Amino acid sequence: MSPFAKPETLRWVGDAGGYLRLLDQTKLPTEVVEVECRDVESVWQAIRQLQVRGAPAIGLAAAYGVCLGLQSVREANDEAFGKRLEEVTRYLAGSRPTAVNLFWALERMQRVGNESRGWRSPAAWHDALLEEARVIHEQDRATCHAIGRHGAALLPDPVGVLTHCNAGGLAASEYGTALAVLFTAQDQGKRLHVFVDETRPLLQGARLTAWELVQRQIPATLICDSMAAQVMREGRVQAVITGADRIAANGDTANKIGTYSVAVLARAHDIPLYVAAPCNTFDLSLASGDGIPIEQRAAEEITQGLGRQIAPAGIGVYNPAFDVTPATHITAIITERGVIAPVTRENIQRVVGGASR
Ligand code: MRU
């Protein structure tokens, strides 16, 4: 095992009257700072401002956010508690649109809430919801480790791997998804060299993935997104691994903007592209990626990127936070239940089936 230890991405402190503590990802890698969320509004803000980000972590934060939002009605009557539960889940669902894990976690909280209606006191109801958030958190830990085991078996030794954005322990519990594959391969003694796309505009690769790899002492090289083709052409990459924010029933996959470009490059260089994601990242209600809502973010993330104004005022800006990689470009999807390959509607249904929402 690696001796690496970082503050937890997020954790609940105390009992049902407690609060949520988050590692502030906007401050990394230069500052390791935690923030305390003591109401549902601060969780909403933390998700929107990417203090907590990455599909599974967003879902976990939202589940705990529901608990915070219900603290004020713990001593109220059933009706007031039920009404507030509806209110806070609807509110949190508006924080970010693309990662389906957010909606999956909120639906799960609501289901547990509905099961408690009528026979539990609001206080016991609230306790049951906190317990559910903790169970979701615990299951996510186990899921990440299982994804790591299934994925590591796909990697040759030695191997050069390219990854985009951050799908590590910061984006989920402990090991993450795409990086879980690398951490597990490292634990198994495989020789890795990771190429880290910096991931414009918000640099989740340069700031977060690079930080996690340095902490774990995995040999890694940071590249600008525009350098991926050249690195592939030089024969340095034998596999591409990314995470996912939402996977449609046919395998089309939304992930951080730029993933699709990497997938096209991987295909042109005959390099396998693996998507690592838990079953709760699948949205089987969508026939294809065309139905995945793509978050649009503020123009300033581009015009004032890297901490200073880099484009003239008045320029038009397009800033989609995600793109969709067609299933045809994905060699395999690595889930906690096993590897889906080839990526077909039938294989997805067989592996994910009832596990999705
Ligand atoms: O905007 P972000 O940083 O939340 O985007 C994150 C990603 O695109 C990740 O690759 C994805 O959520 C998978 S995280 C295990």
Side-chain angles (χ1 to χ4, degrees), residues 9-10 22-28 46-62 95-105 137 140-141 143-148 151 162-183 196-212 225 240-247 253-263 273-283 289 292-298 301-302 305 319-325 330 333-336:
T9 300
L10 77 179
L22 300 171
L23 180 56
D24 184 348
Q25 300 191 36
T26 62
K27 298 279 198 295
L28 289 170
I47 294 173
R48 175 60 70 99
Q49 293 168 359
L50 314 188
Q51 286 178 306
V52 60
R53 36 68 48 209
I58 292 171
L60 295 172
S95 56
R96 290 189 79 189
T98 304
V100 76
N101 311 58
L102 169 68
F103 307 97
W104 173 88
H137 199 164
D140 188 62
R141 282 194 186 95
T143 293
C144 292
H145 283 280
I147 288 173
L162 185 138
T163 190
H164 189 76
C165 194
N166 173 266
L170 292 166
S173 315
E174 280 180 27
Y175 262 34
T177 60
L179 295 195
V181 173
L182 305 181
F183 297 155
V196 182
D197 270 358
E198 64 176 355
T199 316
R200 282 284 286 143
L202 296 179
L203 303 172
Q204 287 91 333
R207 295 187 300 106
L208 308 176
T209 297
W211 185 71
E212 289 197 50
D225 299 352
V240 174
I241 307 182
T242 74
D245 283 82
R246 195 185 293 226
I247 305 173
T253 295
N255 191 51
K256 178 52 55 196
I257 191 74
T259 304
Y260 177 34
S261 322
V262 172
L273 174 99
Y274 302 115
V275 169
C279 290
N280 59 25
T281 302
F282 286 78
D283 182 351
I292 299 177
I294 301 292
E295 178 181 13
Q296 303 293 325
R297 293 188 63 92
E301 290 182 353
I302 295 179
N319 186 14
F322 300 94
D323 57 25
V324 176
T325 298
I330 301 170
I333 302 177
I334 304 159
T335 75
E336 72 274 27

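Owing to the predicted nature of the structure, the values given are computational and were not obtained by experimental measurement. We use all heavy atoms of the structure for the numbers below, so side chains are in, but hydrogens, waters and symmetry mates are not. Just so you know, ligand 1 is whichever comes first in the structure, and atom 1 is the first atom listed for that ligand.
- Taking the salt bridge (Lys or Arg N to Asp or Glu O under 4.0 Å) definition, one finds that Glu301 meets it with Arg297, sequence neighbours left out.
- Under a 4.0 Å criterion applied to the non-hydrogen atoms of Ala167, ligand 1 contributes the atoms 14 (S), 15 (C).
- For ligand 1, the polar-atom distance check against Gly54 finds a nitrogen or oxygen pair separated by under 3.5 Å.
- For the atom pair Leu10 CG and Gln25 CD, the distance stands at 9.5 Å (nearest 0.5 Å).
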Practice item. Take Ser261 and Asp225 through the test side chain to side chain contact (heavy atoms under 4.5 Å, CB included) and record every step on the way to the result. Key: CA-CA 9 Å; Ser261 322; Asp225 299 352; over 6 Å; no
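- Side chain of Arg207 to main chain of Leu202: a donor-acceptor pair is present (N/O by atom type, distance under 3.5 Å, no hydrogens or angles).
- A donor-acceptor pair is defined here as one N or O able to donate and one able to accept, closer than 3.5 Å; no such pair exists between the side chain of Thr209 and the backbone of His164.
- Remark: minimum distance from atom 6 (C) of ligand 1 to any protein heavy atom is reached at Arg53 NH2, 3.4 Å.
- On a distance-only criterion, Ile58 and ligand 1 share no N/O pair closer than 3.5 Å.
- Look at Gly176 and you'll find every heavy atom at least 4.0 Å from all atoms of ligand 1.
- Ligand 1 lies within reach of Pro56, whose nearest heavy atom is under 4.0 Å from it.
- Contacts classified as salt bridge (Lys or Arg N to Asp or Glu O under 4.0 Å) and involving residues 165-183 (residues at least two apart or in different chains) are given here: Arg141-Glu174.
- With a 4.0 Å heavy-atom cut-off, ligand 1 is reached by the backbone of Lys256 and by its side chain too.
- By the criterion of a heavy-atom distance under 4.0 Å, neither the backbone nor the side chain of Ala172 is placed next to ligand 1.
- The contact set between ligand 1 and Ala171, taken as ligand atoms under 4.0 Å from a residue heavy atom, comprises 14 (S), 15 (C).
- Residue contact check: Ala55 has heavy atoms under 4.0 Å from atoms 12 (O), 14 (S) of ligand 1.
- The closest non-hydrogen atom to atom 8 (O) of ligand 1, taken over Thr253, Leu179, Asp245, comes from Asp245.
- In terms of modelled atom types and a separation under 3.5 Å, the side chain of Thr163 and the main chain of Val196 share no donor-acceptor contact.
- The ligand atoms of ligand 1 that sit less than 4.0 angstrom from a heavy atom of Asn255 are 7 (C), 8 (O), 9 (C), 10 (O), 11 (C).
- In Asn166, the part holding a heavy atom less than 4.0 Å from any atom of ligand 1 is the backbone.
- Residue nearest to atom 13 (C) of ligand 1, selected from Ala321, Cys165, Ala244: Ala244 (by heavy-atom distance).
- Any N or O atom pair closer than 3.5 Å counts here, and Thr177 shares no such pair with ligand 1.
- Listed by atom number, the atoms of ligand 1 under 4.0 Å from Gln204 heavy atoms are 1 (O), 2 (P), 3 (O).
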**Study point:** Audit row: Thr177, Val275, side chain to side chain contact (heavy atoms under 4.5 Å, CB included) steps and yes/no
**Key:** CA-CA 9 Å; Thr177 60; Val275 169; over 6 Å; no
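- Thr98 places a side-chain N or O within 3.5 Å of a backbone atom of Pro293 that can act as its donor or acceptor partner.
- How far CG of Asp197 is from CD of Gln204: 11.5 Å, rounded to the nearest 0.5 Å.
- Interface of Arg96 with ligand 1, defined as ligand atoms under 4.0 Å from a residue heavy atom, comprises 1 (O), 2 (P), 4 (O).
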Practice item. Under the side chain to side chain contact (heavy atoms under 4.5 Å, CB included) rule, what do Thr199 and Asn166 come out as? Steps first, then yes or no, please. Key: CA-CA 9 Å; Thr199 316; Asn166 173 266; over 6 Å; no
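- Of the possible polar contacts, none joining the Thr253 side chain to the Ile247 backbone as a donor-acceptor pair under 3.5 Å is found.
- Not a single heavy atom of Ala99 sits less than 4.0 Å from an atom of ligand 1.
- The distance criterion of under 3.5 Å between nitrogen or oxygen atoms is not met by His164 with respect to ligand 1.
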